[in-house]
K.L.:
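A single structure is presented below for examination.
Remember, it's 1-based here, ligands and their atoms both numbered in the order they're listed.
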Amino acid sequence: MAELSLVSGSVGLITLQSPPVNALSAAVRRGIVDTMQRAVSDPKVRSVVICGQNGVFCGGADIREFGSTMTGPPLVPMIHAIEAADKPVVAAIEGSALGGGLELALGCHYRISHAKARLGLPEVTLGLLPAAGGSQRLPRLIGVPAALDLITTGRHVTAAEALKLGFVDQVTDQNTVEAAVQFALSVVGQSLESRRISSLPCPCPVDVDALFEGVMQRVRQSARGAIAPVACVQAVRAAATLPYAQGMQREQELMATLFTSGQARALQYCFFSQRAVSRWSMPSGARWDTCKPKPVTKAAVIGLGTMGRGITVALAQAGLSVVAVETQPQQLKAGQRAVSDMLERAAQRLGVPSAVQGVRYSQELQAVADAHLVIEAVFEDMALKEQLFKQLSSICKPDTLLCTNTSALDIDHLASQTHRPQQVVGMHFFAPAHVMKLLEVVYGPRSAPQAVATAMALGKRMGKVSVAVGNCRGFVGNRMLMPYVEEALFLLEEGATPETVDHALEEFGFPMGVFRMSDLSGLDVGWRVRKAAGLVEPGKMSRVRQGRRYSPLGDLLCEQGRFGQKTGQGWYLYETPGSREARPDPWLHSFLEEYRARQGLVSRRIDSQEVQERCLYALINEGFNILQESIAAGPEDIDMIYVFGYGWPRHRGGPMFYASQVGLPRVLQRLEHYQQLHPDVPHLQPSSLLWRLVSSGSPPIHRWREVIRKPHSAL
Ligand SMILES: CC(C)(COP(=O)(O)OP(=O)(O)OC[C@H]1O[C@@H](n2cnc3c(N)ncnc32)[C@H](O)[C@@H]1OP(=O)(O)O)[C@@H](O)C(=O)NCCC(=O)NCCSC(=O)/C=C/CCCCCCCCCCCCC(=O)O
């Protein structure tokens, strides 16, 4: 919808009206076409201002419409009609002008922006390109290199940067609509020829071919298999090398391919899922909209190792007053220096005041006494954490929330050490905690909904994508990782190398394969966990432990002091301890051959398909178990955990979405196939939820919850 009113005697003010972000739905497009026609034909109107209701110009095309047949007036001719108008049209940009919203503004003759507005062409993040003329107009206006940067990254820019780049004409910190109306009055009668961007030549660099070849190479490398960034480069190349009309044709062709692609569907699913996970629910029926979070202004962090430091930084940057407690004096000193450095560097980078003053340090646990919320980030040791929770229970005020950053330990057991089990939740951050977007908020059977609401609200304040999950070993992310890692180890036993496994996973789109990742995070981490679980038998090679198949390969490397990057040797070889470039290690290859010989295993050639299927389907299968047990409320929760915490390629939508795209019957059939070959591997046994979904006709992912909730026979 859009409304036309006459202001200041001769300015036609068109207001887009479609809350919350004035997306260009069919109704809004119809409204714009209609109001523009009326403004152009009304002799009282001498100039036009387009603005959006409620302080937002326009969030772009209505993404929800992409899933169904598009109706209503198309965007391209609508924007052409605005550009062709013989009365000056000014865009008054407040809040956001994104995607189709910015393309609409680029069709106007002038753009006035509020200082706090954000502008950009983020279509690439939805698997698309700016196909309402954006890929053709922006390079004409600001040049090819700057346009390539904005279009291929989709980044949002401030009004100040947009002014500097040259795609807004004026920035104001006053009332933007009033400023635009004054501006519109002042340009009446001036020639509009040079204001119609489509008629401008594209400023072309001298060596266009070399420029685009270089950019294409870089974009392909960072896209990790995503097709939209590549199409964006092709579209901008058309702007640089073809007349406008032909460039537009190319833009439409490229868009047609992207629009129906699985990648676009996956990325749009991620867009909505990222927002949906904030609307959490618990199996008890407690929900985000029925629980009010408690206000938190004072937080405490216990333990200043890597995780504690990152958490302290994230809390301080969110504006909380933080007390960081570390009982080891050396560690306290080192931690304080590291936290202050991180806060200073971030402040410099963002041009904001440093939050250093917001953190105080102490060696005494008593210092947390007046905090509203405490997050422990001590060593991953149950006895140590038990002791700490007992102490916190008596030191802290009765309503203080006690949180643990454990990545796998039993939240309910920790809660039982306190007099307030309802006030205990997990806040599982991912390293580095001030950078990584994911936060798993883990509730135990006794956690109060308000405690969950408070942790979720705090996560949001820290800029995290927070996902509420139930309590089980490894929660969601690490629990699903276990079968993935185990399959990778079994593949080594059967004949693969770390290089072949990693190559297949990186080809799928992970930034790092499982073995490079394990070298980076340290092989000793998993070793400690396996020791605690009673799985490690030093010097022993047996491949069955606790009644199921087990690979001792990781333990054998650790016994040799090969902990990964930090020791210079792990699954790969490194130039020196701490260096990052992983090289194939001939020693490791001989070690694997010897191991197979001693185990009587015959090595065979393993291809990428088998690596991907066994590692990924095992992980996905565990995801179905997690859904079945209501540890995660829906597939979106699992998918966002994997996209934001584990490097799952966003253009594949997350593991559960990927399963839906592959087809559930196919996933089931391949799991059954591998299970027949490896009957001693329980995680290849297809989940009963997967069976149920397939026998319910494999409904689309947004209808899985109906099957999950349906009562089912145990038979
Ligand atoms: C910055 C924001 C705008 C606001 O952020 P914030 O204030 O934090 O609020 P949010 O929580 O993010 O959002 C609030 C709710 O609004 C929903 N929302 C937001 N934006 C949109 C949108 N664009 N469409 C629909 N809904 C939207 C959001 O989901 C929230 O609701 P809920 O919680 O999920 O219920 C921020 O929201 C933001 O960044 N938004 C997205 C901005 C964006 O990416 N815009 C680009 C959209 S794509 C686009 O514009 C493309 C234009 C090109 C032209 C397209 C032409 C299409 C037809 C071509 C067909 C050719 C193919 C032919 C094929 C064939 O031949 O077969």
K.L.:
Would you list the pairs meeting salt bridge (Lys or Arg N to Asp or Glu O under 4.0 Å) in which at least one residue belongs to residues 67-78, sequence neighbours left out?
P.N.:
none
K.L.:
Give the atoms of ligand 1, by number and element, whose distance to some non-hydrogen atom of Phe259 is under 4.0 Å.
P.N.:
62 (C)
K.L.:
Measure from NZ or CZ of Arg265 to the centre of the six-membered ring of Tyr269, then state whether that distance is under 6.0 Å and the direction lies within 45° of the axis.
P.N.:
no
K.L.:
Could you tell me whether Arg220 atom CZ has more than 12 heavy atoms of other residues or ligands within 6.0 Å of it?
P.N.:
no
K.L.:
For ligand 1 and Gly100, I'd like to know whether there is a polar contact (N/O to N/O, distance under 3.5 Å).
P.N.:
yes
K.L.:
Which one holds for Leu24 and ligand 1: side chain close, backbone close, both close, or neither close, with close meaning a heavy atom under 4.0 Å?
P.N.:
neither
K.L.:
Measuring to protein heavy atoms, does anything land under 4.0 Å from atom 6 (P) of ligand 1?
P.N.:
no
K.L.:
Please list, in number order, the atoms of ligand 1 under 4.0 Å from a heavy atom of Phe272.
P.N.:
29 (O), 34 (O)
K.L.:
By number and element, which atoms of ligand 1 are closer than 4.0 Å to a non-hydrogen atom of Asp62?
P.N.:
24 (N), 25 (C)
K.L.:
Mind checking what makes ring pair (Phe, Tyr, Trp, His ring centres under 6.0 Å) contact with Tyr110, not counting sequence neighbours?
P.N.:
Phe183
K.L.:
Regarding atom 38 (C) of ligand 1: of the candidates Gln268, Arg118, Arg275, which has the closest heavy atom?
P.N.:
Arg275
K.L.:
Would you mind running through ligand 1 and noting each atom that sits below 4.0 Å from a heavy atom of Gly60?
P.N.:
50 (O)
K.L.:
Do Phe475 and Ile631 make a side-chain contact, defined as non-hydrogen atoms from C-beta onward lying under 4.5 Å apart?
P.N.:
no
K.L.:
Using non-hydrogen atoms of the residue, decide whether Glu103 is closer than 4.0 angstrom to ligand 1.
P.N.:
yes
K.L.:
Aromatic contact between Phe430 and Tyr646, with the criterion being ring centroids under 6.0 Å apart: yes or no?
P.N.:
yes
K.L.:
Would you mind finding which of Pro122, Gly95, Ser18, Gly133 brings a heavy atom closest to atom 44 (O) of ligand 1?
P.N.:
Pro122
K.L.:
For the residue pair Arg140 and Tyr244, would you count it as a cation-pi contact if the rule is NZ or CZ under 6.0 angstrom from the ring centre and within 45 degrees of the ring axis?
P.N.:
no
K.L.:
Are Leu320 and Arg461 packed together at the side-chain level, in the sense that at least one heavy-atom pair is separated by less than 4.5 angstrom?
P.N.:
yes
K.L.:
Show the atoms of ligand 1 that are less than 4.0 angstrom away from any heavy atom in Met255.
P.N.:
55 (C)
K.L.:
Does a sphere of radius 6.0 Å around CZ in Arg275 hold more than 12 heavy atoms from other residues, nucleotides or ligands, not counting ones at 6.0 Å or beyond?
P.N.:
yes
K.L.:
Given side chains that start at C-beta, do those of Ile626 and Val469 come closer than 4.5 Å, heavy atoms only?
P.N.:
no
K.L.:
Hey, is Arg705 close enough to Glu636 for a salt bridge, meaning N to O under 4.0 Å?
P.N.:
yes
K.L.:
Quick one: does ligand 1 sit under 4.0 Å from the side chain of Val21, the backbone, both or neither, non-hydrogen atoms only?
P.N.:
side chain
K.L.:
Look at atom 39 (O) of ligand 1 and say which protein heavy atom is nearest, naming residue and atom and giving the distance to 0.1 Å.
P.N.:
Leu98 CD1, 3.8 Å
K.L.:
If you have a sec, work out which protein heavy atom is nearest atom 66 (O) of ligand 1 and how many Å separate them, to one decimal?
P.N.:
Ala256 CB, 4.6 Å
K.L.:
Could you tell me which atoms of ligand 1, counted from 1 in the order shown, lie closer than 4.0 angstrom to a heavy atom of Phe271?
P.N.:
19 (C), 20 (N), 29 (O), 40 (N), 41 (C)
K.L.:
Trp648 vs Tyr642 aromatic rings, parallel, tilted or perpendicular, using cut-offs 30° and 60°?
P.N.:
perpendicular
K.L.:
Nearest protein heavy atom to atom 11 (O) of ligand 1: under 4.0 Å?
P.N.:
yes
K.L.:
Considering both backbone and side-chain atoms of Gly59, is one of its nitrogen or oxygen atoms within less than 3.5 Å of a nitrogen or oxygen in ligand 1?
P.N.:
yes
K.L.:
Looking at non-hydrogen atoms alone, which of Thr257, Leu254, Leu75 comes nearest to atom 54 (C) of ligand 1?
P.N.:
Leu75
K.L.:
Is the closest N or O pair between Pro20 and ligand 1 shorter than 3.5 Å?
P.N.:
no
K.L.:
So do the side chains of Leu121 and Leu150 get within less than 4.5 Å of each other, counting heavy atoms only?
P.N.:
no
K.L.:
For atom 24 (N) of ligand 1, what is the closest protein heavy atom, and at what distance to 0.1 Å?
P.N.:
Ile63 N, 2.9 Å
K.L.:
State the atoms of ligand 1, each with its element, that fall below the 4.0 Å cut-off from a heavy-atom position in Ala131.
P.N.:
53 (C)
K.L.:
Could you tell me the residue and atom name of the protein heavy atom closest to atom 51 (C) of ligand 1, and the distance to it rounded to 0.1 Å?
P.N.:
Glu123 CG, 3.4 Å
K.L.:
Students should be able to answer this: which protein heavy-atom is nearest to atom 58 (C) of ligand 1, and at what distance?
P.N.:
Met70 CE, 3.8 Å
K.L.:
Strictly below 4.0 Å, N to O, side chains only: are Glu253 and Arg250 in salt-bridge contact?
P.N.:
yes
K.L.:
Has ligand 1 got any nitrogen or oxygen that is less than 3.5 angstrom from a nitrogen or oxygen of Arg64?
P.N.:
yes
K.L.:
Measuring from non-hydrogen atoms of Arg279 to any atom of ligand 1, is the shortest distance under 4.0 Å?
P.N.:
yes
K.L.:
Tell me, do Ser278 and Trp288 make a side-chain contact under 4.5 Å, heavy atoms counted?
P.N.:
no
K.L.:
Which residue from Ala23, Ser135, Cys58, Ala61 reaches closest to atom 49 (C) of ligand 1 through any of its heavy atoms?
P.N.:
Ala61
K.L.:
Would you say the side chain of Glu65 lies within less than 4.5 Å of the side chain of Arg29, judging by non-hydrogen atoms?
P.N.:
yes
K.L.:
Heavy-atom contacts with Gly99 under 4.0 Å: which atoms of ligand 1 show up? List them by number with element.
P.N.:
46 (C), 50 (O)
K.L.:
About how many Å separate OG1 of Thr172 and NE2 of His114, when rounded to the nearest 0.5 Å?
P.N.:
6.5 Å
K.L.:
When you measure from atom 33 (O) of ligand 1 to the protein, is at least one non-hydrogen atom found at a distance under 4.0 Å?
P.N.:
yes
K.L.:
Among protein heavy atoms, which lies nearest atom 67 (O) of ligand 1, and at what distance?
P.N.:
Thr260 CG2, 4.3 Å
K.L.:
At a non-hydrogen distance cut-off of under 4.0 Å, which region of Glu65 contacts ligand 1 (side chain, backbone, both, or neither)?
P.N.:
neither
K.L.:
Using heavy atoms and a threshold below 4.0 Å, how should the contact between Leu126 and ligand 1 be classified: side chain, backbone, both, or neither?
P.N.:
side chain
K.L.:
Answer whether the closest heavy-atom distance between the side chains of Asp62 and Leu24 falls below 4.5 Å.
P.N.:
no
